[in-house]
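Heads up: numbering here begins at 1 and tracks the sequence.
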Amino acid sequence: MAESNFVDYVKIYCRSGKGGRGSSHFRREKYIPKGGPDGGDGGRGGHIYLRGNRNYWTLLHLRYERHIMATHGEGGTAKRSTGKDGQDRIIDVPCGTVVFDAETGEFLCDVTEDGQLVMLLKGGRGGLGNWNFKTSTNQAPRYSQPGEPYQERTVIMQLKLLADVGLVGFPNAGKSTLLSVVSAAKPKIANYPFTTLEPNLGIVSYRDNQSFVMADIPGIIEGASEGKGLGLRFLRHIERNSLLLFMVPADADDIKKEYEILHNELVKYNPELLDKQRVLAITKSDMLDEELIEALSEDLPEGIPYIFISSITNQGIMELKDLLWKELNKQAFHDVERIVHKDLDLSTVVFDDDDFVIPEEEDLDDDDEYEEIDWDDEES
């Protein structure tokens with residue numbers, strides 16, 4: 001995947017179709033002078049659906065389709081003929097897409113499984129034709145029902161990557177190097193901060209042809225939960241991970257303190273992350289001897305499994321896989337149902353809205369006169 005093609009949030013305008021109006025037609029045939037009402041019902045407007053698609057990895061395909069609109073239902077006609085339904089629009093999104101209202105930040109829905117279909121906007125029902133309103137005392141109703149109006153909404157879609165293990169650490173902690181060693185992924189590796197500007201996924205092979213998915217998240221710095229560095233934009237990807245692998249280099253001044261800073265940033269961003277399983281990996285351990293490793297082990301965070309590794313020399317890599325596999329199997333993979341999605345803070349999301357225009361609705365009614373019967377007053 002090219003670096004410029006990773007798009008994990010978009011803003012789009014969606015509009016369902018409105019229902020077609022009912023017909024106020026009367027049967028007119030030779031030798032049938034009093035045919036009576038036979039106006040058909042209007043067709044329903046098209047719905048807007050979201051569908052999970054495992055073949056998509058980003059929201060790039062929606063960046064250039066800013067307006068998604070279903071078609072309107074057609075009006076009813078003579079001989080009780082129902083109008084044609086509007087055509088539904090199905091928006092394919094990657095698994096792990098979360099949708100928010102662009103005006104209020106309200107959480108709307110979450111698409112997590114391949115093939116999962118979620119109705120985003122419902123099309124309006126078609127209006128009833130005048131034949132529905134005939135009674136013994138009103139045998140020639142000259143009114144019909146208009147179709148229900150469409151629904152419209154501007155939404156923000158965010159992608160939160162689905163992965164079993166998420167790598168958490170400061171810039172240059174060795175996250176990308178580890179991913180390149182344990183999987184076939186080829187993340188960019190360089191000796192400067194924030195080399196990784198977008199999340200990378202890799203499939204880690206394990207014993208007996210088993211595997212799990214590892215995600216390399218861009219480096220976190222102190223204050224990331226308040227928007228510093230790459231901050232909030234990529235912290236959301238960690239919410240989807242079943243297990244968090246904290247990575248602190250062996251040459252850090254205080255390994256325990258760096259771990260606590262990272263942990264506090266995650267909890268500030270979303271307190272739900274406190275419940276996730278955690279493992280600590282001390283990277284770049286090829287520079288340590290056994291005596292120094294033993295000394296450092298005495299001052300590590302309590303209650304969390306840890307391991308000393310080196311991606312360059314493959315020190316502890318197999319043991320790390322064993323540890324991750326053991327911790328992952330303590331709970332089900334992709335335990336996304338436990339995620340409690342917060343409403344979106346719109347002040348943290350920046351979009352270029354200069355060319356974002358909400359289309360105006362065209363007038364679909366013709367010049368025929370008809371009496372509008374409200375949906376709440378008449379049902380049959």
Side-chain angles (χ1 to χ4, degrees), residues 163-183 187 196 199-200 202 204 206 212-222 224-225 234-235 237-331 333 335:
D164 299 312
V165 179
L167 304 183
V168 182
F170 287 104
N172 280 10
K175 302 184 298 297
S176 298
T177 305
L178 175 64
L179 184 65
S180 68
V181 170
V182 299
S183 74
T196 302
N200 294 290
V204 181
Y206 191 61
F212 55 90
V213 180
M214 181 178 286
D216 173 21
I217 310 298
I220 298 173
I221 63 173
E222 189 171 5
S225 59
F234 295 114
L235 275 174
H237 293 296
I238 299 175
E239 291 180 298
R240 293 288 195 198
N241 306 149
S242 299
L243 183 149
L244 302 180
L245 177 58
F246 287 80
M247 301 183 64
V248 180
D251 57 357
D253 295 334
D254 190 331
I255 295 177
K256 185 176 181 179
K257 182 179 179 181
E258 289 205 4
Y259 165 78
E260 290 174 349
I261 292 174
L262 292 169
H263 182 258
N264 290 337
E265 290 302 323
L266 299 187
V267 174
K268 287 179 184 178
Y269 172 69
N270 186 350
E272 295 290 326
L273 295 175
L274 187 62
D275 298 329
K276 289 191 177 292
Q277 294 173 273
R278 302 183 297 278
V279 172
L280 174 62
I282 295 88
T283 63
K284 306 178 183 179
S285 297
D286 52 299
M287 64 181 71
L288 306 178
D289 55 26
E290 292 184 5
E291 184 178 348
L292 194 51
I293 289 178
E294 185 177 347
L296 290 175
S297 300
E298 297 177 356
D299 192 30
L300 293 179
E302 297 180 358
I304 175 174
Y306 66 87
I307 187 170
F308 288 82
I309 65 170
S310 171
S311 301
I312 301 298
T313 63
N314 280 335
Q315 173 188 341
I317 295 300
M318 197 62 224
E319 291 79 3
L320 174 63
K321 290 184 181 182
D322 290 335
L323 177 59
L324 294 176
W325 186 261
K326 176 183 175 182
E327 294 296 320
L328 282 171
N329 281 278
K330 289 183 178 179
Q331 65 179 31
F333 285 176
D335 195 6

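- Residues Val181 and Asn314 meet the side-chain proximity criterion, which asks for heavy atoms closer than 4.5 Å.
- Scanning all heavy atoms of the two residues, the minimum distance from Ser183 to Gly202 falls at OG-CA, 3.7 Å.
- Distance check: Glu291 CD to Ile293 CD1 gives 11.0 Å after rounding to the nearest 0.5 Å.
- Separation of atoms CG (Leu320) and OG (Ser311) is listed at 8.5 Å; rounding is to 0.5 Å.
- Among Val204, Thr283, Ile309, the one residue that satisfies the side chain to side chain contact (heavy atoms under 4.5 Å, CB included) test with Leu178 is Ile309.
- To the nearest 0.5 Å, atoms CG (Leu280) and CZ (Phe246) are separated by 8.5 Å.
- One distance of note links CZ of Phe308 with CD1 of Ile282; it measures 4.0 Å at 0.5 Å rounding.
- Using a 4.5 Å cut-off on side-chain heavy atoms (C-beta onward), Leu167 and Leu244 make no contact.
- Sorted by first and then second residue, the salt bridge (charged side-chain N to carboxylate O under 4.0 Å, His left out) pairs with a member in residues 296-324 read Arg207-Asp322; sequence neighbours excluded.
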Derivation of the side-chain contact (heavy atoms from CB on, under 4.5 Å) call for Met247 and Val168: CA-CA 6 Å; Met247 301 183 64; Val168 182; over 6 Å; no

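- In this structure, Glu327 CD and Asp164 CG are separated by 13.5 Å, a value rounded to the nearest 0.5 Å.
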side-chain contact (heavy atoms from CB on, under 4.5 Å) evaluation trace for Phe170 with Leu262: CA-CA 8 Å; Phe170 287 104; Leu262 292 169; 3.8 Å; yes

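- Proximity of Phe212 to Leu324: side-chain heavy atoms (C-beta onward) are separated by under 4.5 Å at one or more points.
- With sequence neighbours left out, the side chain to side chain donor-acceptor pair (under 3.5 Å) criterion links Thr313 to Ser310.
- Looking at heavy atoms from C-beta onward, Ser176 lies out of side-chain contact with Leu179 at the 4.5 angstrom threshold.
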Tell me which donor-acceptor pairs under 3.5 Å the side chains of residues 248-261 have, and how far apart each pair is, sequence neighbours excluded?
| unit_1 | atom_1 | unit_2 | atom_2 | d |
| --- | --- | --- | --- | --- |
| Asp254 | OD1 | Lys256 | N | 3.2 |
| Asp254 | OD1 | Lys257 | N | 3.1 |
| Tyr259 | OH | Arg278 | NE | 2.9 |

